[in-house]
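Keep in mind it's a predicted model, so treat the numbers as computed, not measured. For the single chain, residues carry numbers from 1 onward in sequence order. What you see below is based on every heavy atom in this structure, not just the backbone, and it leaves out hydrogens, waters and symmetry mates.
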Amino acid sequence: MKKHLSFLQRCLVFLIDATAAFFLYHIVAWIISYFYFFPFFHGFLLIWVLYYIVGYWACGQTLGLAFFHARLADGGGRCPLGLRIVLREIFTSLPGIVLWTLGWHYLFMPKSLLLCLLCCVLVAFRKKVFRISFVRSDGYGLQPGQLSGKKVIGAYLMLMVVATAARMVNTVSTNNVDSFTNTFRYAVPRPTLHSVGKYVDFLEKDGCRDINDYVLGLFKTYDHVILCERLHTEMTQYDMIYNLVTDQRFVDSVGVMFTEVGNVDSRNAYKTFVSTTFPNDTAVEKGLASFLMDNQSVHLLWPNTNWFNFLNRMYYFNHGRDKQVDILFADRNWLDRSLLYARDSIMADNIISTIKADSLKKSLTIMNYRHAYLTPGNCGYYLERAFPGKVANVMINSSGISLPALLLGKEMLVLLQHGKWDVACEQVESSAFAFDFAGSPFGKDAFDHFVLPWSPLNAKCYQDMFTGYIYYKSPSEQYISMGYSHMFDPENVEKLKERNSVLTGYSMRSWEFLKNGLYRQQGTVIYYEQACMDNTVYLAVCLFTILIACVMLVACKHSVKQI
């Protein structure tokens, strides 16, 4: 006698098959890793769909169905069974629907919603449309070709063991084990050297130019260069920026840098600070801390150590020199936030008006994230429109945003291009170099900088978005830091309280932790947070799989007729 699966049985089948596909993904990812890095989000969903198709087509059942001695029942139809299986799983299985809805690099909302609606309609009528059902045998004993419940459990657990071994081998073979000795929880499979061969070949042949030579070389073609900053709080990038702007060639031929950070109305106050002779280093730091409290722009407090250190170092570089590097702040003091939506155009106008008023021939601008883009609505766009063909923008090696984490309501940084750029750049002896995106394999890659998946920018390549790329320090060598000397001196606290009384949505309590000293966090923790989460998820799935296997074992012992 044939019977359909009950609701609880179908739930258990789904869980068995979902976890089986999860482990199969890791096995496949390891097998093909030499040639291609298989990203998890799309990779797992694709393997899950293929698991259903191959299982139904080749065996008439999946691992979950085999446990209940159930298999596919063909209700007949005009189309061949194989085609109906493929269409059914592509358009009506859970992984298939997620792939159609969220699996695009660029989530064009109307298209995604339309596809999701189509899939949901097909799900509602899929039994009639595809004429496929699943039934189980209710008789005693095993039918020819059927596996016993215990053998299914054994195969299920063996799949987990093989996948775990594959993941471990993949992780060890693609990581520098020494670098993860104390942070092993952040170690996950990375792209192999062979899979990034074209990037390495480019870098070794003609892609590694000295950073200062490269940026200064851009000024031969362009009048204005924008550097796209990493996280505002990242420290090492300002060592690179300092080395660039204090290069004598920069001082002589450019000599001007605009910064997103800082209030345009504080420019003269900063010049006064630079021209002041202080009795000792402590007095310099106290004076700079006091100046910064008057130089806020968008936030209640700008506590980033790199900005304080950079201005401090530039004080010593500029003080007493005839030819100085002018640091010109581009933002405004946003106590009145009614025009905050126009911040990019206002910053750009402050830069453009200064260039024209002072007849500046060349300039360097430091902007963070999208403000450096030359696409509409961003500061770089307005600069390019004011000086067409004369603006270049260069990206400092940075990070992207995790789509799965974003869907869960959390912002989590991830390495660009799933880490393949970093693997390639790590093969170069130098940890500091630059190159043009145009004509490089890097430039042809889909744009995945810190940009939301439904942004039209996802349809672009890197060479469409940036002129060049600077690689300076690997992610694990980078770090963030907040806090600086004399930040909480009594007179500075009073200034903060006064500002806090005007700004809404801010609280001085948010910065209380800095009274204990600098807050520092290593790049491994920043950029490999998702890696840590991936390892946690993998361990959780393994434990859940063992729990499912225990449930299956209990079912075997107590219900011989219903297995």
Side-chain angles (χ1 to χ4, degrees), residues 227-246 257-263 266 269-270 273-274 278 280-319 325 327 329-331 366-369 371 396-399 413 431-432 470 472-493 495-496 499-500 506-527 529:
L227 291 187
C228 183
E229 195 186 31
R230 295 172 185 148
L231 291 172
H232 277 305
T233 50
E234 203 285 311
M235 290 289 289
T236 63
Q237 61 184 331
Y238 271 86
D239 293 332
M240 182 271 292
I241 293 171
Y242 176 82
N243 291 335
L244 171 63
V245 300
T246 56
M257 64 176 295
F258 293 97
T259 63
E260 174 191 344
V261 182
N263 176 10
S266 297
Y270 179 70
F273 165 75
V274 171
F278 294 91
N280 51 49
D281 293 346
T282 300
V284 173
E285 292 179 353
K286 288 178 69 71
L288 180 56
S290 177
F291 164 76
L292 289 179
M293 291 301 158
D294 296 324
N295 188 45
Q296 313 295 347
S297 55
V298 175
H299 306 287
L300 168 64
L301 173 66
W302 193 256
N304 300 338
T305 310
N306 55 17
W307 184 235
F308 178 88
N309 288 355
F310 177 73
L311 292 183
N312 189 46
R313 294 173 75 182
M314 291 305 298
Y315 166 82
Y316 288 104
F317 179 81
N318 279 326
H319 184 66
V325 174
I327 301 176
F329 313 127
D331 208 354
I366 311 297
M367 285 282 157
N368 185 265
Y369 173 40
H371 306 302
I396 305 172
N397 61 317
S398 184
S399 59
L413 301 182
S431 63
I470 289 176
Y472 186 79
K473 303 290 184 183
S474 67
S476 59
E477 293 177 290
Q478 299 171 27
Y479 67 99
I480 66 171
S481 179
M482 287 187 286
Y484 51 81
S485 302
H486 308 288
M487 177 189 293
F488 294 109
D489 284 359
E491 60 274 20
N492 291 333
V493 171
K495 292 179 181 180
L496 282 177
R499 183 174 178 80
N500 189 44
Y506 288 90
S507 172
M508 287 184 61
R509 289 192 298 273
S510 301
W511 307 113
E512 288 289 324
F513 69 98
L514 293 177
K515 290 183 178 180
N516 298 322
L518 297 182
Y519 170 79
R520 174 170 170 153
Q521 193 173 45
Q522 285 300 125
T524 301
V525 178
I526 302 166
Y527 301 115
E529 183 182 1

- Item | Full working for side-chain contact (heavy atoms from CB on, under 4.5 Å) between T236 and Y472 | CA-CA 8 Å; T236 63; Y472 186 79; 4.1 Å; yes
- Item | Separation of L288 CG from Y270 OH (nearest 0.5 Å) | 7.5 Å
- Task: Work out which heavy atom in S485 is nearest to a heavy atom in A289; give both atom names and the distance.
- Result: O-CB, 3.6 Å
- Message: Classify the ring geometry of Y242 against F310: parallel below 30°, tilted from 30° to 60°, perpendicular beyond 60°.
- Response: perpendicular
- Less than 4.0 Å between a side-chain N and a carboxylate O, is that true for R509 and E512? no
- Note on the structure: CE (M235) and CG (N309) are apart, to the nearest 0.5 Å, by 4.5 Å
- Note on the structure: On a heavy-atom basis, the closest approach of L514 and P303 is CD1-CB, 3.7 Å
- Task: Please test M257 against L227 for side-chain contact (heavy atoms from CB on, under 4.5 Å), starting from the C-alpha separation and ending with a verdict.
- Result: CA-CA 10 Å; M257 64 176 295; L227 291 187; over 6 Å; no
- Query: Between V261 and F329, what is the shortest heavy-atom contact and its length?
  - Reply: O-CD2, 3.4 Å
- Which atom pair, heavy atoms only, marks the closest approach of S481 to T305? OG-OG1, 2.8 Å
- Task: Ignoring hydrogens and angles, tell me if any N or O in the side chain of E234 forms a donor-acceptor pair with the backbone of I480 under 3.5 Å.
- Result: no
- Message: If we ignore hydrogens and angles and just use 3.5 Å, is the side chain of N306 paired with the main-chain N or O of H232 as donor and acceptor?
- Response: yes
- Counting N and O atoms only, with roles assigned by atom type, does the side chain of E529 sit under 3.5 Å from a partner on the main chain of L413, one being a donor and the other an acceptor? no
- Message: Working to the nearest 0.5 angstrom, can you tell me the gap between I366 CD1 and H371 NE2?
- Response: 13.5 Å
- Query: Just how far is it from atom CZ of R313 to atom CZ of F308, taken to the nearest 0.5 Å?
  - Reply: 13.0 Å
- Task: Give the minimum heavy-atom separation between S266 and F291, together with the two atoms involved.
- Result: O-CE1, 3.8 Å
- Taking the inter-plane angle between the rings of F513 and W511 on a 0 to 90° scale, is it parallel (under 30°), tilted (30 to 60°) or perpendicular (over 60°)? tilted
- Got a second to check how far F278's CZ is from K286's NZ, nearest 0.5 Å? 11.0 Å
- Nearest 0.5 Å please: distance from the CD atom of Q478 over to the CD1 atom of I526. 7.5 Å
- Between N295 (side chain) and G262 (backbone), is there a donor-acceptor pair under 3.5 Å? no
- F273 and Y315 aromatic ring geometry - parallel, tilted or perpendicular at 30°/60° bounds: tilted
- Query: Do M314 and V245 have side chains that get closer than 4.5 Å, going by heavy atoms?
  - Reply: yes
- Does N492 use its side chain to pair, donor to acceptor, with the backbone of H486 at less than 3.5 Å? yes
- Tell me, with the steps shown, if M293 and L301 meet side-chain contact (heavy atoms from CB on, under 4.5 Å). CA-CA 7 Å; M293 291 301 158; L301 173 66; 3.7 Å; yes
- Item | Steps toward side-chain contact (heavy atoms from CB on, under 4.5 Å) verdict (V325, T246) | CA-CA 8 Å; V325 174; T246 56; 5.7 Å; no
- Hey, which of N312, T233, T259 is the one that makes side-chain contact (heavy atoms from CB on, under 4.5 Å) with W307? T259
- Message: Using a 3.5 Å distance criterion without hydrogens, assess whether the side chain of N263 forms a donor-acceptor pair with backbone atoms of S297.
- Response: no
- Item | N368 and its side chain to side chain donor-acceptor pair (under 3.5 Å) partner, picked from E260, R230, E229 | E229
